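Computed from a predicted structure; not experimentally measured.
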Amino acid sequence: MTHVVQIEYCTQCRWLPRAAWLAQELLTTFEAELAQLSLKPGTGGVFVVRVDGEVVWDRRAQGFPEPTAVKRLVRDRVAPGRTLGHSDRP
């Protein structure tokens, strides 16, 4: 099964570079598991990562994510049990 990831980011806050960088990290890590990764412009300080429509990270509740934290959350949904190598180390 292939999955869809969406990163919604605030255009007012100019968070496109951060969203694009995170998108690159996820596409590189999960190239076989993802059917699509989209960037969705938003406003009001939004920075939300969704997998198959389910919110896995919301900046308002959790702050800005480290890429490894998002990778773990995405991995748990798209490739459970798969190792992320050095990203899995505490």
Visitor: Is there a side-chain contact between Arg77 and Glu54 in this structure, where contact means two heavy atoms from C-beta onward sitting under 4.5 Å apart?
Guide: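 Result yes, sub-4.5 Å side-chain heavy-atom pair found.
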Visitor: If you take all heavy atoms of Ala19 and Leu39, which pair is closest and at what distance?
Guide: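 So the minimum-distance heavy-atom pair works out to O-CD2, 3.8 Å.
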Visitor: Can you confirm whether Leu26 sits close enough to Lys71 that some side-chain heavy atom of one is under 4.5 Å from a side-chain heavy atom of the other?
Guide: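 Yes, close enough: below the 4.5 Å cut-off.
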Visitor: Would a distance-only check, ignoring hydrogens and angles, find a side-chain to backbone donor-acceptor pair under 3.5 Å from Gln62 to Asp58?
Guide: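 Checked: pair present.
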Visitor: Quick check: closest heavy atoms across Cys10 and Gly44, and the distance to 0.1 Å?
Guide: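 Heavy atoms of Cys10 and Gly44 come nearest at SG-N, 3.7 Å.
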Visitor: Tell me whether Val55 is reachable from Phe64 by hopping between hydrophobic residues (I, L, V, M, F, W, Y) whose side-chain heavy atoms are closer than 4.5 Å.
Guide: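 Each belongs to a different hydrophobic cluster.
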Visitor: What distance separates Leu84 CG from Thr68 OG1, expressed to the nearest 0.5 Å?
Guide: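 OG1 of Thr68 is found 9.0 Å from CG of Leu84.
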Visitor: Output yes when a side-chain donor or acceptor of Arg82 lies under 3.5 Å from a complementary backbone atom of Arg75, and no otherwise.
Guide: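 Checked: no pair found.
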Visitor: With a 6.0 Å cut-off (strictly less than), is the heavy-atom count around CD of Gln12, excluding the residue itself, greater than 12?
Guide: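 Enclosed.
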Visitor: Using the rule that Ile, Leu, Val, Met, Phe, Trp and Tyr join whenever any side-chain heavy atoms are under 4.5 Å apart, tell me whether Leu34 and Val48 fall into a single cluster.
Guide: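 Different hydrophobic clusters.
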Visitor: A quick test of your reading: do over 12 heavy atoms of other residues, nucleotides or ligands sit less than 6.0 Å from CZ of Arg14?
Guide: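 At most 12 heavy atoms, drawn from other residues, nucleotides or ligands, come within 6.0 Å of this atom.
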Visitor: If you round to the nearest 0.5 Å, how far is CD1 of Ile7 from CG of Leu37?
Guide: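 Between Leu37 CG and Ile7 CD1, I get 5.0 Å after rounding to 0.5 Å.
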Visitor: Looking at Arg60, Arg50, Arg18, which one forms a salt bridge (charged side-chain N to carboxylate O under 4.0 Å, His left out) with Glu8?
Guide: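 Of Arg60, Arg50, Arg18, salt bridge (charged side-chain N to carboxylate O under 4.0 Å, His left out) with Glu8 is met by Arg50 alone.
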Visitor: Please find the pair of heavy atoms, one from Arg59 and one from Gly45, that lie closest to each other, and give the distance.
Guide: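 Taking every non-hydrogen atom into account, NH2-O, 2.7 Å.
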Visitor: What residues, two or more places apart in sequence or in another chain, satisfy ring-ring contact (aromatic ring centres under 6.0 Å, His included) together with Phe30?
Guide: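 ring-ring contact (aromatic ring centres under 6.0 Å, His included) list for Phe30, sorted by chain: empty.
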Visitor: Given side chains that start at C-beta, do those of Thr11 and Leu16 come closer than 4.5 Å, heavy atoms only?
Guide: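 No, too far: nothing below the 4.5 Å cut-off.
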Visitor: Taking the side chain as every heavy atom from C-beta outward, state whether Leu22 and Trp57 have any pair of such atoms under 4.5 Å apart.
Guide: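 No; the side chains remain at least 4.5 Å from each other.
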Visitor: Among Thr29, Val4, Val51, Leu73, find the one that has a side-chain contact (heavy atoms from CB on, under 4.5 Å) with Val78.
Guide: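 Filter result, single survivor: Val51.
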Visitor: What heavy-atom pair brings Val46 and Trp15 nearest, and what distance separates the two atoms?
Guide: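 Taking every non-hydrogen atom into account, O-CE3, 3.6 Å.
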Visitor: Where is the tightest heavy-atom contact between Ala35 and Thr2, given as atom of each residue plus distance?
Guide: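 Here Ala35 and Thr2 meet closest at CB-OG1, 3.3 Å.
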